[in-house]
Amino acid sequence: MEQLMWGTPEALRRLLCEVVSWKSMTLTEGEREFPLKVRAKLQELAYYKENPNFLSLHDVDLDRHFLTALYKHPDALETIVLISHFDTVNTEEYGDIEEFAYQPEELTKLLLSRMDELPENAQQDLKSGEYLFGRGTMDMKMGLVMHMGLIEKAAAEQWPINLLLLTVPDEEVNSAGMRAAVTKLLELKEVHQLSYSLFLNGEPVFSQEPGDRNYYVYSGSIGKIMPSALFYGKETHVGEPLSGITAPYIASFLTQRMEWNQSLQETVKGETTPLPVTLQQKDLKLEYSVQTPYRAAALYNVFLMERNADEIMRIFETVAADAARACNLAYREVCKAQAVDAIREVRVMRYEDLQDHAIHKFGPDFVEEVKAAVNKHAEWDDREKSFRIADTLMIECQELAPAMVLLFAPPYYPAVNSSANALVKQCVEYVKKQGLQQFGLDVGQVHYFNGISDLSYVNYQDLEEGWTAFKANTPVWGRSYSIPFDAMAKLQAPVLNVGPFGKDAHKRTERLHIKNAFEEVPALVEGMIREFFRNESTIATCE
Ligand SMILES: [Zn+2]
């Protein structure tokens with residue numbers, strides 16, 4: 001048998017360090033170049049020299065690409081999709097040692113001489129020699145490296161199964177990579193006659209609470225959605241404050257009620273989502289003046305487990321109605337005490353109703369023109385564009401003001417869970433048992449990966465079509481943002497995440513547990529896949 005390039009823990013460690021040295025922060029040149037480098041690396045394998053067509057780059061956007069590498073056994077149908085993202089978050093928090101963020105061996109040595117700059121638990125880990133520090137080591141280039149090792153081994157040993165490695169950009173921002181990959185996965189399925197059995201991600205283990213050192217596998221991934229509001233008040237002059245109502249005033253009532261709102265928290269299978277929190281609340285007025293601010297916007301973060309977009313919009317509407325009631329009451333009381341006439345009450349409306357109103361008033365072309373004009377602003381992100389579209393429509397429909405216009409701002413990660421699936425149960429059992437037997441590793445199961453992942457875009461299940469509420473209330477839908485819900489619903493196979501243990505993702509103390517990452521997890525994932533093809537008949541029988 002041929003010698004494997006990545007067959008030992010040392011070789012995986014070298015490969016990881018090389019892959020980390022290829023900077024790939026989201027929305028940088030490095031992110032654009034990264035998949036070409038992975039492709040070049042995989043082209044060194046004899047398998048891809050013989051089967052160059054199984055290795056390909058596919059378009060995402062902004063000159064970014066995702067990469068697929070297929071290992072196909074001639075007689076196998078069953079296919080495991082190995083998912084990873086190759087973008088990383090920024091590195092400014094490394095300060096004067098930023099250049100070392102991409103050199104794990106050097107950084108880990110360097111930090112030894114700057115021990116006092118690190119928090120206590122990072123100091124201990126550094127002293128123990130058990131961790132490798134660096135940007136992307138944990139989140140999640142190790143996952144990709146492990147998958148590369150599996151592909152190499154499967155091809156060399158001709159495992160009776162298919163493996164499809166998929167590595168994508170943009171997970172840390174909008175998951176544009178994975179959203180683009182969904183339709184390609186359906187296409188590859190047809191072209192290569194694949195049957196998808198499992199979507200296996202390799203995101204790292206995130207602690208469930210501070211200081212948590214347990215190892216987990218995840219049989220699902222938490223969802224995230226951003227209910228947002230445009231507040232449109234009525235302008236007035238500072239000399240006559242009660243003849244109008246400011247947008248920040250209206251906003252304050254909703255933000256008070258959205259932050260930590262327990263009606264937007266879910267508990268499923270003993271796991272509970274973090275409470276909602278405000279991500280942004282701002283004035284849309286661009287400069288200081290004595291005209292009162294009458295346009296503002298707020299963005300709230302909500303996590304999901306079993307709920308969909310429609311259910312979130314309904315709850316959001318209830319919370320907003322309560323906020324508007326309280327706002328109107330408070331305003332009227334002051335008007336009464338000051339003996340002035342009140343302006344109209346603040347109403348609550350969905351973005352879709354505002355859009356319908358505008359279409360009715362000006363025709364559908366007008367609304368499309370507004371969207372196109374906003375979309376031309378490359379300097380605005382999807383959040384800003386969402387607010388600007390709603391804002392422009394409100395400026396033209398002031399008969400609706402004052403109002404809270406409820407909408408969704410991207411991104412949306414639907415929740416996904418496969419805990420009840422027989423194959424997933426079998427995989428989880430295998431890792432638990434073998435983890436303990438082979439490595440003395442205590443393995444726990446978590447039903448929803450709490451770090452947000454690209455698994456949100458496969459195995460979509462939504463019988464009530466709750467996604468239509470998302471589509472209808474997302475102003476940028478179909479232009480700068482969309483989610484292929486139909487294609488996602490066709491990718492029906494269970495999800496699972498098994499990745500390496502690390503700590504402090506997105507911090508300057510990001511680090512990977514060496515033994516766990518290079519020995520334990522690769523062996524467990526390999527064994528889990530072997531167990532799968534031993535148990536299932538993955539080979540199509542000839543008639
Ligand atoms: Zn990640």
Side-chain angles (χ1 to χ4, degrees), residues 226-238 240-258 278-300 313 316-332 334-335 341-362 366-367 369-371 373-374 377 380 382-409 472-477:
M226 295 202 285
S228 307
L230 173 82
F231 305 94
Y232 204 97
K234 188 176 182 316
E235 73 272 33
T236 181
H237 187 272
V238 287
E240 291 177 7
L242 288 168
S243 345
I245 186 162
T246 70
Y249 182 75
I250 305 171
S252 69
F253 284 88
L254 184 57
T255 294
Q256 273 278 337
R257 282 163 181 76
M258 281 300 286
T278 309
L279 285 177
Q280 192 175 58
Q281 181 175 304
K282 65 173 185 178
D283 197 342
L284 297 181
K285 192 171 84 167
L286 296 173
E287 64 283 316
Y288 171 81
S289 82
V290 289
Q291 186 195 48
T292 57
Y294 61 99
R295 291 138 67 208
L299 196 67
Y300 309 104
M313 185 48 98
F316 187 36
E317 227 167 9
T318 311
V319 176
D322 177 49
R325 234 182 338 265
C327 175
N328 289 328
L329 191 69
Y331 169 64
R332 265 159 209 286
V334 183
C335 288
D341 290 333
I343 62 156
R344 240 195 330 249
E345 297 208 324
V346 174
R347 77 173 79 207
V348 173
M349 62 191 306
R350 292 185 180 202
Y351 170 77
E352 58 183 314
D353 298 324
L354 166 61
Q355 186 174 284
D356 283 350
H357 182 93
I359 289 174
H360 198 74
K361 192 171 166 186
F362 301 107
F366 168 78
V367 173
E369 280 160 26
V370 167
K371 290 184 179 179
V374 168
H377 287 264
W380 290 343
D382 284 336
R383 269 69 55 192
E384 191 64 28
K385 285 177 182 171
S386 305
F387 292 134
R388 295 289 166 184
I389 290 170
D391 184 45
T392 312
L393 295 182
M394 270 308 286
I395 291 173
E396 302 302 333
C397 302
Q398 294 194 25
E399 62 277 14
L400 299 172
M404 295 183 191
V405 182
L406 310 185
L407 54 98
F408 287 121
N473 291 292
T474 299
V476 293
W477 179 271

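Excluded from the calculations below are hydrogen atoms, water molecules and symmetry mates; all remaining heavy atoms, backbone and side chain alike, are included. Since the model is a prediction, treat every value here as computed from it, not as a measurement.
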- Mind running side-chain contact (heavy atoms from CB on, under 4.5 Å) on F316 and M258 for me, showing each step along the way? CA-CA 8 Å; F316 187 36; M258 281 300 286; 3.6 Å; yes

Between [X] and [Y], what is the shortest heavy-atom contact and its length?
X: Y351; Y: I389; result: OH-CG2, 3.5 Å
X: R332; Y: I343; result: NH2-O, 3.4 Å
X: A323; Y: M404; result: CB-CE, 3.9 Å
X: F387; Y: A229; result: CE2-O, 3.7 Å
X: A401; Y: Y232; result: CB-CD2, 3.6 Å
X: L406; Y: E317; result: CD1-CA, 3.7 Å

[atom1]-[atom2] distance between [X] and [Y], expressed to the nearest 0.5 angstrom:
X: H237; Y: S243; atom1: NE2; atom2: OG; value: 11.0 Å
X: F231; Y: I245; atom1: CZ; atom2: CD1; value: 12.0 Å
X: N328; Y: R344; atom1: CG; atom2: CZ; value: 11.5 Å
X: L254; Y: Y300; atom1: CG; atom2: OH; value: 3.5 Å
X: D356; Y: M349; atom1: CG; atom2: CE; value: 8.5 Å
X: L284; Y: D391; atom1: CG; atom2: CG; value: 5.0 Å

- Query: Do P227 and M313 come close enough that some side-chain heavy atom pair is under 4.5 Å?
  - Reply: no

- Message: Could you check whether any side-chain heavy atom of Q280 comes within less than 4.5 Å of a side-chain heavy atom of M226, counting everything from C-beta outward?
- Response: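 Side-chain contact under 4.5 Å: no.
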
- Mutual orientation of the aromatic rings belonging to H377 and W380 [parallel < 30°, tilted 30-60°, perpendicular > 60°]: parallel

- Query: Does a donor on one side chain and an acceptor on the other come within less than 3.5 Å for Y294 and T236?
  - Reply: no

- Query: Looking only at side chains, do E399 and H357 share a donor and an acceptor under 3.5 Å apart?
  - Reply: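 Their side chains do contain a donor-acceptor pair, which is all the 3.5 Å distance test asks for.
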
- Message: Exactly one of T246, D283, I395 should register a side chain to side chain contact (heavy atoms under 4.5 Å, CB included) with R295. Which one does?
- Response: I395

- With L299 as partner, the option from L279, L407, T278 fulfilling side chain to side chain contact (heavy atoms under 4.5 Å, CB included) is L279

- Would the number of heavy atoms belonging to other residues, nucleotides or ligands and lying under 6.0 Å from CD of Q398 be above 12?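 Counting other residues, nucleotides and ligands, CD of Q398 exceeds 12 neighbours.
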
- Query: Checking S252 side chain against Y249 main chain: does a donor-acceptor pair fall under 3.5 Å?
  - Reply: yes

- Could you tell me whether the side chain of R347 and the main chain of L400 form a donor-acceptor pair under 3.5 Å?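 Yes; judged by distance alone, with no hydrogens or angles, the pair exists.
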
- Message: side-chain contact (heavy atoms from CB on, under 4.5 Å) for I359 and Q355? Distances and angles first, verdict last.
- Response: CA-CA 6 Å; I359 289 174; Q355 186 174 284; 4.1 Å; yes

